[in-house]
Amino acid sequence: MMFELGEGVVQNIPEAITWYTAAAEQGDAESQYVLGTIYESDNSEPQNQHIANKWYLEAAAQGHKEALAALMQNPTGAVIAH
């Protein structure tokens, strides 16, 4: 979070992605959700809705409510399989 928001360090989105990805790949639903928000953000480099959806789906599959809400509001029409 500190690299994402610049808390105590210079904001560094690529570094934040590195740390969140490490946690997300270990199954951390909150990190998966945050990666979705980062990749969906207009301020993200690179912005990538496909990758955002991937992480939202991973988090939603674990019951992360905000990730599920993000998928439901997604303009790309991501399909959620249960």
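What you see below is based on every heavy atom in this structure, not just the backbone, and it leaves out hydrogens, waters and symmetry mates.
A donor-acceptor pair is defined here as one N or O able to donate and one able to accept, closer than 3.5 Å; no such pair exists between the side chain of Gln49 and the backbone of Glu40. No donor-acceptor pair closer than 3.5 Å links the side chain of Ser41 to the backbone N or O of Thr37.
One finds the CD1 atom of Ile51 at 9.0 Å from the OG1 atom of Thr21 (value rounded to the nearest 0.5 Å). The distance from the CD1 atom of Ile17 to the CG atom of Leu35 is 7.0 Å, given to the nearest 0.5 Å. Taking CG from Asn48 and CG from Asn53, the interatomic distance works out to 9.0 Å, rounded to the nearest 0.5 Å. Atoms NE2 and OH, from His50 and Tyr39 in turn, are 11.5 Å apart once rounded to the nearest 0.5 Å. Between Gln62 atom CD and Glu30 atom CD the span is 11.0 Å, to the nearest 0.5 Å. Here CG of Leu57 is found 9.5 Å from CG of Leu68. Values are rounded to the nearest 0.5 Å.
When all heavy atoms of Ala23 and Ser31 are compared, the closest pair comes out as CB-OG, 3.3 Å. Among all heavy-atom pairs drawn from Ala24 and Trp55, the shortest one is CB-CZ3, 3.4 Å. Between Ala59 and Ala29, the closest heavy-atom pair is CB-O, 3.5 Å.
For Ala70, the side-chain contact (heavy atoms from CB on, under 4.5 Å) partners two or more places apart in sequence, or in a different chain, are Tyr56. Checked against side-chain contact (heavy atoms from CB on, under 4.5 Å), Ala61 has no partners two or more places apart in sequence or in another chain.
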Residues Gln32, Glu25; criterion side-chain hydrogen bond (donor to acceptor under 3.5 Å, both in side chains); working and verdict: CA-CA 8 Å; Gln32 294 164 345; Glu25 288 175 346; over 6 Å; no
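Put simply, the residue from His64, Lys65, Glu58 that forms a side-chain contact (heavy atoms from CB on, under 4.5 Å) with Tyr33 is His64.
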